Trainee: 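Below you will find the structure I want to go over with you.
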Amino acid sequence: MTEKFGVTPQSRRDFIKTVTGSAAAAAAVFGGMGINPAFAAEAAAVSGRSEKPLKAAFSNAGLQASWCAQGKAAAEYWGKLFNVDVTWFDGQLDAVKQRAAIDNMASQDWDFVAIQAFGIGTLTAPVQKMIDKGTPVIDLDTLIAPLDSINVHTFLAPDNEFMGASMTQALVTAMGGKGTIVMTQGALGHTGAQGRAKGFESVVKNFPDVEVLDTQPADWDVSKVARIWETLLTKYPTINGAFFHNDDMALAAAEVMKRHNRTETLIGGVDAMPPAIEAVLQGRMLGTVRNPSGRIHGGAIVAGVAAVVGGEKTGEGIPKSIVTDGPVVTKANGEGMLWMQKHFLI
Amino acid sequence: MSNTEITVVRTGGFGNWVRSQLRNIAPFLTLLFLVVFFSVAKPSSFLTVTNFANILNQVSITAIIAVGLTFVILCAEIDLSVASIANVTGIAVAFFTLQPDYVNIANLPLAGPLAVLIALAVCFALGMFNALGVTLIGIPSFIMTLAMMQIADGMSALFVRGQIAYTVPDIVLTLGSGNIFGVPWIVIVAGLFLLVAHLVLTYTRFGRYVYMVGGNREAAEYSGVNVKFIIGAVLVIGAVCSGVAGMLGVAYFGSAQQNEFGTYLLDAIAAVVVGGTSLFGGRGGIGNTIIGLLVLGVLNNGLDHVQIDPFFKILIRGLILLAALVINVYAQSLRSKAETGTD
């Protein structure tokens, strides 16, 4: 890796000597983790890595979801690089349980916190308490509260409408701009699902020869997906395309199609988690759009460190909202995407 | 029940008394163990007044639901619809309240007190359906309330259609998320529900009948107790308690949405049973429910204060609850032996 970047051990040492003490400490940590120390030193110098370990609390919707578990791993990975001890409060895919966890989080002291709400508006009181204490709160992926009712440090989230539109566009293009299509939605109350549905609709309305057969929600539930698709495959002799609001549902439906020997359907998903990318590479799925868990959770570490060490404030150094989009993953870029995910870069 | 206990003390001494009371003592010891453990493990953050207040806050909604469920379980019945009724009542009160412009729900705004009354009527009516299904038609409460769970969930879905509502009437907002002299109103409301329920169960004829129906239904019937009325009444009480919890819960959480309160079903049942109330009816009470609530509250809260793998926390929580339940069942058998005088 060192040779690849053209930095010799000697020049690397010289470079490290020129940076601050904190950056030198960063280099030691980075080097120990197999990351190019020159890059590490530079990154640490830019971000203002803390000498003393920072304490950060994280919570996302629920670690049962592979996307969230990947986010946890990314936060911990980037936390080690930036000298941040990450404590996790699992949302357990349950608004009540997450609220209790965030109440407990708010009763302790943290340098910064990062939260992906399972239910919008359910965490407002304890989050406000932390903000009032002066703790930077970084909002991940889903709004903690509607509009500008809460003053979070920043909001790191993908553009769900864009993701829905870009995947649908890829599907419709592959269908030749005509045929039948199904959208299987996530939970209707989820803003991510609402955005993805909006993106889907914005594309299909431009194609009069594309007929939308069904848009039922399956609530992210793979068993519900199986039930819905058993019915759809019986009801419709040909389904040319199918857009699913996440990969887990897409893969579950792909299994149902396989059992029914129905191979005509082009499948598109969202999240681009490794099993879905494998399915894309094997041709079982046409594509999946990346919802960059690593970028969102790792970005929260960087944003938190920059706030605590570098003194960044909302609107002064960091914008109120940061869009963290990912590309549509196809056979062409699948391998690269897997590598980037392995190293928590996207 | 208390007469039996006195006899045991006279005839069997302290050992038998302990055995007969193990159902009550064991949950208390579990609670004590958890408090000591988390206090030693994380004294700086766990053992604070703020955190104690936090625990009380966190168990308040479960407490109100558990009050109703205690009546139901004491009658040897079960109500699986409590969380769904809480959810639909909370959604109903928001549905009949004026929402901000960005809320995309075709709702019907009414005056606050009227919205509260309609929401209360909703949970009362659902409780009545449960009661009629169980007592008149003869559907087992497990099945009847399972169906009601689906019905209430369906009503919730119809009210909000996947959207989220945020505003509730002022009175609900105050009781759900306000404070008085630094004490959250929701803790006071939960305390009042627990107190009134305890008084009813301990000092009223209705309370005695609840124990009689749960302890020996046939005997109660032969004694002239209107068993069907008692069972119907406890199901309505359960639904109304859930409805109140749902309304305050919406204010506490700050939003009303589908599938919001699902977790309260198992939490409320666990609080009642872990506290020592028998699932087979006739034994236990509000005191047990309070201990059960605190066991769950301390356990859930404490696990967030100690640094352990979050994937491991769920397992630990399950194992501790299992241990508490095993002790509960074991205590039941020891008590039976103590009462019959066998070893």
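Side chains included, hydrogens not; waters and symmetry mates left out as well; all remaining heavy atoms used. Sequence lines set the chain letters: A, B, ... in the order given, protein chains first and strands last, and positions in each chain run from 1. Everything numeric in this text was worked out from a predicted model, so none of it was measured.
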Trainee: Can you tell me how far the NZ atom of B/K313 sits from the CG atom of A/L63, to the nearest 0.5 Å?
Mentor: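 One finds 9.5 Å between NZ of B/K313 and CG of A/L63.
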
Trainee: How close do B/Q257 and A/T122 get, counting heavy atoms only, and between which atoms?
Mentor: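 So the two residues come closest at NE2-CG2, 3.6 Å.
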
Trainee: Only pairs of heavy atoms separated by less than 4.5 Å count here; which of A/T191, A/D103, A/D109 has the most with chain B?
Mentor: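 Looking at each of A/T191, A/D103, A/D109 in turn, A/D103 comes out on top.
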
Trainee: Where on A/A100 is there a heavy atom nearer than 4.5 Å to chain B: the side chain, the backbone, both, or neither?
Mentor: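 When you check distances to chain B, atoms from both the backbone and side chain of A/A100 fall under 4.5 Å.
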
Trainee: Looking at B/W185, I want to see if its CH2 is surrounded by more than 12 non-hydrogen atoms of other residues, nucleotides or ligands under 6.0 Å.
Mentor: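 Atom CH2 in B/W185 is not crowded, with 12 or fewer foreign heavy atoms closer than 6.0 Å.
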
Trainee: Please name the pair of heavy atoms, one in B/Y252 and one in A/R99, separated by the smallest distance, quoted to 0.1 Å.
Mentor: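 Minimum heavy-atom contact is O-NH1, 2.8 Å.
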
Trainee: Heavy atoms only, distances under 4.5 angstrom: which of A/D90, A/I120, A/T124 has the most pairs with chain B? Name it, please.
Mentor: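 Of A/D90, A/I120, A/T124, A/I120 has the most heavy-atom pairs under 4.5 Å with chain B.
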
Trainee: Counting heavy-atom pairs closer than 4.5 Å to chain A, which one of B/H305, B/Q258, B/R161 comes out on top?
Mentor: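 Top count of heavy-atom pairs under 4.5 Å with chain A: B/H305.
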
Trainee: Under 3.5 Å, is there a donor-acceptor pair linking the side chains of A/N104 and B/Q58?
Mentor: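 Per modelled atom types, A/N104 and B/Q58 side chains form a pair under 3.5 Å.
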
Trainee: Looking at A/K198, I'd like to know if its NZ atom is crowded, meaning that more than 12 non-hydrogen atoms belonging to other residues, nucleotides or ligands lie closer than 6.0 Å.
Mentor: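 Counting other residues, nucleotides and ligands, NZ of A/K198 stays at 12 neighbours or fewer.
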
Trainee: Would one find more than 12 heavy atoms of other residues, nucleotides or ligands at under 6.0 Å from atom CG of B/N179?
Mentor: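 Counting other residues, nucleotides and ligands, CG of B/N179 exceeds 12 neighbours.
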
Trainee: Heavy-atom cut-off 4.5 Å, strictly under: side chain, backbone, both or neither for B/N54 against chain A?
Mentor: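 The side chain, not the backbone.
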
Trainee: So for B/S45, is it side chain, backbone, both, or neither that comes closer than 4.5 Å to the heavy atoms of chain A?
Mentor: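 The side chain, not the backbone.
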
Trainee: Using non-hydrogen atoms and a 4.5 Å limit, figure out which bit of B/D304 sits close to chain A: side chain, backbone, both or neither.
Mentor: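 Both the backbone and the side chain of B/D304 come within 4.5 Å of chain A.
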
Trainee: Quick one: of A/V96, A/L123, A/D94, A/T87, who has the most non-hydrogen atom pairs under 4.5 Å with chain B?
Mentor: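 Sorted descending by pairs with chain B, the first entry is A/V96.
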
Trainee: Got a second to check how far B/N57's CG is from A/S107's OG, nearest 0.5 Å?
Mentor: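 One gets 11.5 Å once the value is rounded to the nearest 0.5 Å.
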
Trainee: Heavy-atom distance under 4.5 Å to chain B: side chain of A/Q64, backbone, both or neither?
Mentor: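 Nothing of A/Q64, per the 4.5 Å heavy-atom cut-off to chain B.
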
Trainee: Side chain from CB out, backbone as N, CA, C, O: work out which of these in B/I314 comes under 4.5 Å of a heavy atom of chain A, or both, or neither.
Mentor: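 Just the side chain, heavy atoms under 4.5 Å.
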
Trainee: Measure B/F261 against the heavy atoms of chain A and call it side chain, backbone, both or neither at under 4.5 Å.
Mentor: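 When you check distances to chain A, atoms from both the backbone and side chain of B/F261 fall under 4.5 Å.
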
